[in-house]
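We use all heavy atoms of the structure for the numbers below, so side chains are in, but hydrogens, waters and symmetry mates are not.
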Amino acid sequence: MLRLGELDALRRRRGRSALLLITDRCPVGCAHCSVGSRPDSPRITDHALFEEMVEGLCADEDLRVVGVSGGEPFVERRGLTYAARRIHESGKALVPYTSGHWGAGGDPPGWIRSVLGMSACVVLGADAHHTSPRAAVAAAARAVADAGAWLVAQVLDDPAQIEDARDLLTGALGAGWPDHAEIHPVAPLPYGRARGLFPAPRRVTGERLGRCAIAHTPTVRYDGRISACCDENVIMGAGPPDLHRLAGDREGVRRALADLAADPFLAVLGSLGTGALTALPRYRDLARREFSGICGICRHMLRRAGGERDPLLRALALIPPPGSPAASPSGPPEVAPAASPGTPPARELRASPPPRRAGGPSAEQGPA
């Protein structure tokens, strides 16, 4: 089992986590989909290339956890079965992200139960905007718990939706559901089909944006494209060239991941944050400029640098990140995903019995 706090801790460490995107396709059609996945979106067509991408991840000895996402990964039976088996055999924690649509028939087929059985944690979209039938999501939750994987029910950070998720888990798993699951409220992302559905995030000065929570989680796509993080816009091809790599085989995956892990800009963005970056002469004028989120300032800084990494930046990258044994206990706050005005940041929430108050990887995207 891998709980959300443990997963997040690994994602904050360079070279310890990655996301495998195995399809752009999804049959659910949620109105708030931040990548605009559809039933006819692209999917795996070159399975030999896909298997090389998987093998490249499995061969990385530093990786401890591999998330598997899409689209909806469970529409790719052949690809997901292969990836789950190989990731599990390589000794890495497998974490699928799913809508749970496959629970519609009640008891899932054997191949899905096998994938769940190899999973350390399953992140299940359970918010009100997901269009998977409630009964299907409940059945999916039961299947995850029966398989022995930890369940993270991800919902939008709204009191009504959090309460609804508690009711769903109670109905699916009984009053003891906190022994098998937790609820993870996240801020809405107004991108993809959700553009215009949610308020735009509030603007914050560059020096106060903090650390990027996903700067150390590269994404490997089924088609050989590799991105520096799991930001929705970046994995779909947006952003400066510094954020993108292309691999044709497992060795290409290894080189790309090593290159991204060694990038001093990404190292500082994910550890010391924008406060340290805006102290550098090259970016000092951005300290008081307002941005809609950390992705905006990241893109701006990378375009300004034009691929160059100056000595001061390289020196900053050598400073131990806050929280490490060699660092002081205090440090800049970690940036939360896209927070709209009046919306509290995303937080981990382990539910407990009443009356105490008791969900893909992402960060804020949008124009600077």
Side-chain angles (χ1 to χ4, degrees), residues 18-54 56-57 66-87 94-105 108-116 118-119 122-127 129-133 136-137 139-140 143-144 154 189 191-195 197 217-227 229-238 244 246-248 253 359-362 365:
L19 183 71
L20 174 65
L21 192 142
I22 71 170
T23 185
D24 288 302
R25 186 165 293 191
C26 180
V28 181
C30 301
H32 70 327
C33 180
S34 57
V35 293
S37 292
R38 304 184 310 270
D40 60 348
S41 291
R43 62 182 305 178
I44 300 172
T45 55
D46 187 339
H47 280 271
L49 175 62
F50 171 72
E51 291 176 6
E52 285 293 298
M53 299 301 102
V54 173
L57 288 167
V66 178
V68 180
S69 185
E72 168 52 68
F74 282 87
V75 302
E76 291 282 356
R77 175 176 178 174
R78 176 178 171 182
L80 180 56
T81 300
Y82 180 86
R85 177 175 59 81
R86 290 297 295 122
I87 292 168
L94 171 68
V95 182
Y97 293 77
T98 179
S99 66
H101 79 287
W102 42 267
W111 75 268
I112 290 181
R113 293 198 302 272
S114 177
V115 169
L116 298 178
M118 291 184 280
S119 301
V122 175
V123 180
L124 177 64
D127 62 72
H129 290 276
H130 275 91
T131 58
S132 295
V137 178
V144 172
Q154 186 160 284
L189 296 171
Y191 314 109
R193 277 199 300 273
R195 192 178 300 275
L197 185 61
T217 303
T219 296
V220 177
R221 287 177 52 97
Y222 62 92
D223 54 11
R225 289 184 285 167
I226 299 172
S227 58
C229 65
C230 56
D231 167 79
E232 282 85 349
N233 286 339
V234 174
I235 65 177
M236 299 303 288
H244 299 281
L246 188 65
V253 174
S362 178
Q365 315 91 356

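Phe74 pairs by the ring-ring contact (aromatic ring centres under 6.0 Å, His included) definition with Trp102, not counting sequence neighbours. Applying the side-chain hydrogen bond (donor to acceptor under 3.5 Å, both in side chains) rule to Arg78 yields the partners His47; only residues at least two apart in sequence or on another chain are considered. For Arg86, the side-chain hydrogen bond (donor to acceptor under 3.5 Å, both in side chains) criterion is met by Glu55, Glu89, not counting sequence neighbours.
Remark: the backbone N or O of Ile235 is not paired with any side-chain donor or acceptor of His244 at under 3.5 angstrom. Side-chain N or O atoms of Arg25 include one that pairs as donor or acceptor with a backbone N or O of Ser41 at under 3.5 Å. Formation of a donor-acceptor pair under 3.5 Å by the Thr81 side chain with backbone atoms of Arg77 is found in this model. Within the 3.5 Å criterion, the main-chain N or O of Cys229 finds no donor-acceptor partner in the side chain of Thr217.
Taking all atoms of both residues into account, the shortest heavy-atom contact from Val137 to Gly125 is CG1-O, 4.3 Å. Between Ala143 and Pro108, the shortest heavy-atom contact is CB-CG, 3.8 Å. Considering all non-hydrogen atoms of both residues, Tyr222 and Met53 come closest at O-CG, 4.3 Å. Annotation for Thr23 and Leu21: closest pair O-CD2, 3.3 Å, computed over non-hydrogen atoms. Nearest approach of Val68 to Pro73, heavy atoms of both residues: O-CG, 3.9 Å. Minimum interatomic distance between Gly224 and Leu49 (heavy atoms only, all atoms of both residues): N-CD2, 4.2 Å.
Taking the side chain as every heavy atom from C-beta outward, Val123 and Val95 approach each other to under 4.5 Å. Taking the side chain as every heavy atom from C-beta outward, Trp111 and Leu80 approach each other to under 4.5 Å. Taking the side chain as every heavy atom from C-beta outward, Leu19 and Val220 never approach each other to under 4.5 Å. When side chains are defined from C-beta on, Ile22 does not count as touching Arg221, because their heavy atoms never get closer than 4.5 Å. Looking at heavy atoms from C-beta onward, Val253 lies out of side-chain contact with Glu52 at the 4.5 angstrom threshold.
For the residue pair Thr98 and Glu72, a side-chain donor N or O sits within less than 3.5 Å of a side-chain acceptor on the partner.
Remark: Ser227 OG to Met236 CE distance equals 11.0 Å, nearest 0.5 Å. Once rounded to the nearest 0.5 Å, the distance linking CG of Asp223 with CZ of Phe50 reads 11.0 Å. With rounding to the nearest 0.5 angstrom, the CD1 atom of Ile87 is 5.5 Å from the CG atom of Leu20.
Using a 4.0 Å cut-off between charged nitrogen and carboxylate oxygen, Arg43 and Glu76 count as a salt-bridge pair.
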